[in-house]
Every structure is written in structure tokens, then in C-alpha cells.
Number of protein chains: 2
Amino acid sequence: MIGNSPAAFHVSTRGEYGMRLMVDLAKHWGQGTVSLHAVAEREDLPEAYLEQLVAALRKAGLVNGKRGAGGGYVLAREPREITAGDVVRALEGPIEPQICTAEGEAILNCVREPDCGTRAVWLKLQDSIAKALDGMTLAELAKTTTRERVNV
Amino acid sequence: MIGNSPAAFHVSTRGEYGMRLMVDLAKHWGQGTVSLHAVAEREDLPEAYLEQLVAALRKAGLVNGKRGAGGGYVLAREPREITAGDVVRALEGPIEPQICTAEGEAILNCVREPDCGTRAVWLKLQDSIAKALDGMTLAELAKTTTRERVNV
DNA sequence: ACAATTCCGAGTGAAGTGATCGGAAATTCC
DNA sequence: GGAATTTCCGATCACTTCACTCGGAATTGT
């Protein structure tokens, strides 16, 4: 092999916990700051680990933190203006499977075989994932959570 | 945390290499067995590593191996009857993000919060990924590979 | 002053990734 | 029958990532 294909696409607990966190914040939108302690209790997640995740969300400009007693976090934008895609991207890195497909240098990656047929797979997959995640807003998810029982 | 959310969804080099392998086999469909040595050379992939991957594909019933000189691998079914989803599933595990969503015991997973709003995200994502991958056959991919220059 | 809370960086055990290696078993060719 | 080929099988290994924990600083409200 020549180049390495660094971690294609993946969703781990980072994405899961982070999504829970963000939906929780969305549910309390307009009610001031929410402390990680409260989120950790409600969602039954390790608080110290959430700290790490929320740091990524803050750096991505999705939440604002306020220190001190009575402090906490607030969504940086309205829930309807934050998508699941924003959250996943902030926590797991770019959605695009970087297999022959890295953004910005799409063609350069596939040096050996420019017609590489498998590329079609990852391109379609990438598109599919992005469309699914970018099509869901926190506002919708927060609504679904409180009501509506889902039957599988 | 109580339960573990074991590895949600991910595509790594296993999926990438495996797909290249399978497309290569599809291209040589009807021409007898293809040795890993040949594939490794054509696709510029580590042969010893391919061995490991092809074992998973064989166990999944996607390829048949034939030992001995002149031996190699053949697709177990027609290229048009094997999807990209089959390949990815065989190599990376079930596509379904096992976040509140494991197949067969969908509801049991989300013990604490049956209305867990974030579940909608993973359900939709799962559906989206599965539809995209299951909608592509090796026959199509093999065709794309030989001709058709893709301009991104 | 004091408690709450965000911020920050470092560390850690377990698992997964991406291989490599040695060798056994089967099959074909000579 | 023997040698080459090739699939099979299991072990090992360096490296990275995952999922967390910990200690401590900085900031703010009471």
C-alpha cells in the first residue's frame, strides 16, 4: 500500500452521547443554561466524558458555555437551525468516507486507478449519509422525544 | 453507563479492500478462479491481509475458494445478485448502528428511555445506509470500473 | 469566602486496525 | 511420486482509537 486510508466513516459512542446531550439541550431551549451535571443525570451518561465531548461541540460553534455557579451550556443557535449532521461531524469528524473521496482533493487520492469502480460505492454512501443526517434538526428530535411512542 | 454500545457503524479499510476484491472478482466472472496473488497485484493490496478478509467473505457465503495450483476464488452467486451491502456487512459487521437499534431486540436496548428521541436519528441513518448499499450490485460496479471516467 | 461550574491537559486499560508470519492441507502439473 | 501452487488456519504485533478518569485551574453567583 502507498497511502493510508484513515478511518472512513464511523459513529461511536461519541456521536451517540453527543446527540443525547444536544437533544437534551434542545429540550431546554429558552430556559437558560443547562449544566453537564444535570444532563449526565438525566441521560445516565458519565459526566467527565461529556465534558470532553462538549468541548468539541463548543469548538464547532454549536454550543456556548457559561462558567461559574449556575452556569452551564446553551445551544449557540436555535434548535431548528442545528442538524444531526452538524453534531455528528463535530464529534466524529467529516462524514465523507475518505476512501478515494477526501473533500478538496477528491481525485488525488485515487492515484493508481482513476476509474476505480468502488469509488462509486463510497460516493453514494457519503451522499446518502449526509442527506439523512442533514435532514434532521434538533427541534424535530426534541419534539419526538417528549411525545410519540415509536413502534418498531 | 450500564450497557455498552458496541461499535456503531463504521467503514474501514476492511470494507474498502474487500470491495475492491469483490469488484475484481466480478470483473472476472465466468473466467474461472482468480488467485489472491493476482488480485493483490492488480489492486496493489497486501496479499496476506486479503487472505484474512476473504475468509470473512467465504464464511458469509459470498465467495467459494478452490485450493491447489490453479486454484483461487469465485463469486458464489452472479455479480448482479451480490450487493455492496452484502460485502460491507460481511466485513464490518451488521450495518445497523447498534445504538438503541440492534436487530431482533430493537426495543430491549433502550431500557431507560423507551421514547429516546435520538433513536430516530440512528433508525433513519441505518435505513439510509442500508438502502444505499443494498441498491448497488457488483455487476453495476464492475461495469463502471472498466469504462466511464468519473469527473468530480 | 465558598460552592458550583466550565475549561484544560494528561493518563490509562481495553479494544480494534492493519497488518505479518509460519505452517498445514488440498490440488494440479510434471 | 514429488514439487509447486494456492487456499486455509491461527498466532503475533505495533499502532491507534475508544471510553473514560483524574487533577487542577479559571470563572461566576450567593
Side-chain angles (χ1 to χ4, degrees), chain A residues 1-21 25 32-41 43-60 62-76 91-93 97-99, chain B residues 1-18 20-21 25 32-41 43-60 62-74 76 91-93 97-99:
Chain A
M1 267 262 323
I2 308 166
N4 55 339
S5 323
F9 172 71
H10 67 288
V11 178
S12 60
T13 58
R14 286 177 66 87
E16 185 196 350
Y17 294 0
M19 194 68 69
R20 300 246 290 270
L21 199 170
L25 289 187
T33 61
V34 177
S35 75
L36 281 192
H37 186 71
V39 176
E41 252 188 8
E43 300 285 337
D44 191 26
L45 297 175
E47 184 175 345
Y49 189 36
L50 279 187
E51 260 185 52
Q52 215 175 95
L53 302 186
V54 87
L57 294 167
R58 189 169 41 82
K59 278 165 194 161
L62 297 178
V63 299
N64 291 325
K66 191 189 177 191
R67 296 192 186 184
Y73 291 94
V74 195
L75 296 182
L91 292 166
E92 309 271 10
Q98 283 159 329
I99 302 170
Chain B
M1 267 261 327
I2 307 165
N4 55 341
S5 322
F9 173 69
H10 63 103
V11 178
S12 60
T13 58
R14 286 178 66 86
E16 186 195 350
Y17 293 1
R20 301 245 291 270
L21 199 169
L25 289 187
T33 62
V34 177
S35 75
L36 282 192
H37 186 72
V39 176
E41 252 187 8
E43 300 286 336
D44 192 26
L45 297 175
E47 184 175 347
Y49 189 36
L50 279 187
E51 261 185 53
Q52 219 175 92
L53 303 186
V54 86
L57 294 167
R58 190 169 41 81
K59 278 165 193 160
L62 297 178
V63 299
N64 292 324
K66 192 189 176 190
R67 296 192 186 184
Y73 292 94
V74 195
L91 293 166
E92 310 271 11
Q98 282 158 331
I99 302 170

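This is a predicted model, so every value here is computed, not measured. To find a chain, count down the sequence lines: A is the first, B the second, and so on, and within it residues start at 1.
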Whole-Å gap separating [atom2] ([N]) and [atom1] ([X]):
| X | N | atom1 | atom2 | result |
| --- | --- | --- | --- | --- |
| Leu53(A) | dC18(D) | CG | P | 11 Å |
| Glu47(A) | dC7(C) | CD | P | 13 Å |
| Arg14(B) | dG16(C) | CZ | C1' | 10 Å |
| Leu50(B) | dT6(D) | CG | C1' | 14 Å |
| Lys59(B) | dT7(D) | NZ | C1' | 13 Å |
| Leu91(B) | dT17(C) | CG | P | 11 Å |
| Arg20(B) | dG18(C) | CZ | P | 13 Å |
| Leu57(B) | dC9(D) | CG | P | 14 Å |

- Side-chain heavy-atom pair Lys66(A), Val74(A) within 4.5 angstrom cut-off: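 SC-SC contact between Lys66(A) and Val74(A) ruled out.
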Between [X] and [N], is there a contact of a side-chain N or O with OP1 or OP2 at under 4.0 Å?
| X | N | result |
| --- | --- | --- |
| Thr13(B) | dG18(C) | yes |
| Tyr17(A) | dC20(D) | yes |
| His10(B) | dT17(C) | yes |
| Ser12(A) | dA19(D) | yes |
| Tyr73(A) | dC7(C) | yes |

Separation of [Y] [atom2] from [X] [atom1] (nearest 0.5 Å):
| X | Y | atom1 | atom2 | value |
| --- | --- | --- | --- | --- |
| Arg14(B) | Leu21(B) | CZ | CG | 12.0 Å |
| His37(B) | Glu41(B) | NE2 | CD | 4.5 Å |
| Asn64(A) | Thr33(A) | CG | OG1 | 11.5 Å |

Minimum-distance nucleotide (side-chain atoms of [X] versus [options]):
| X | options | answer |
| --- | --- | --- |
| Arg58(A) | dA19(D), dT28(D), dC8(C) | dC8(C) |
| Leu36(A) | dT6(C), dT21(D), dA19(C) | dT6(C) |
| Arg67(B) | dT7(D), dA19(D), dT20(C) | dT7(D) |
| Glu51(B) | dT7(D), dC8(C), dT20(C) | dT7(D) |

- Message: Counting distance alone, no hydrogens or angles: does the base of dT21(D) have a donor or acceptor under 3.5 Å from a partner atom on the side chain of Gln52(A)?
- Response: yes
Query - Residue whose nearest DNA chain D nucleotide is more 5′ - Gly65(B) or Glu92(A) - result: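 Its nearest nucleotide being more 5', the pick is Gly65(B).
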Sorted by position of nearest nucleotide on DNA chain D, 5' first, the leading residue of Ser35(B) and Lys66(A) is Ser35(B)
- Query: Any donor and acceptor pair, going by atom type alone, linking the side chain of Arg20(A) with main-chain N or O of Glu43(A) inside 3.5 Å?
  - Reply: yes
